[in-house]
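Computed over heavy atoms, backbone and side chain alike; hydrogens, waters and symmetry mates excluded. Just so you know, residue 1 is the first one in the sequence shown, and it goes up from there.
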Amino acid sequence: MGSFSIWHWLIVLLIVIMVFGTKKLKNLGSDLGGAVKGFKDGMKDGGASPEDKPTTPAAAVSADKNTIDVEVKNKS
């Protein structure tokens with residue numbers, strides 16, 4: 001009773017398909033693929049530091065007469 005043969009795995013696969021159905025297994029595969037893609041995108045975008053992102057110049061921002069212009073300095 002060492003390893004399973006190909007016939008054992010085919011019977012297990014047949015039982016899984018009968019229990020869950022092909023539609024649920026297809027949805028599970030697409031959901032898993034979407035989760036992996038979202039994780040990769042998050043890792044790619046999450047690695048950038050806030051200083052690397054471009055900021056809007058002060059001249060491009062419109063302000064009315066009652067707006068006070070201030071400058072924020074970050075602690076390093």
**Asked** Same hydrophobic cluster for Val19 and Leu25, using side-chain heavy-atom links shorter than 4.5 Å among ILVMFWY?
**Response** yes
**Item:** Approximate separation, where rounding is to 0.5 Å, of Lys40 NZ and Met43 CE
**Value:** 11.5 Å
**Message:** Is there a continuous path of hydrophobic side-chain contacts, each under 4.5 Å between heavy atoms, that joins Ile15 to Phe20?
**Reply:** yes
**Request:** Flag yes if Leu28 and Val16 sit in one hydrophobic cluster, no otherwise; membership is Ile, Leu, Val, Met, Phe, Trp, Tyr, and two members link when side-chain heavy atoms are under 4.5 Å apart.
**Result:** no
**Request:** Quick one: pull up CD1 in Ile11 and CZ in Phe4 and give me the separation to the nearest 0.5 Å.
**Result:** 11.0 Å
**Asked** Which pairs, with at least one residue in residues 6-31 and sequence neighbours excluded, count as a side-chain hydrogen bond (donor to acceptor under 3.5 Å, both in side chains)?
**Response** Ser5-His8
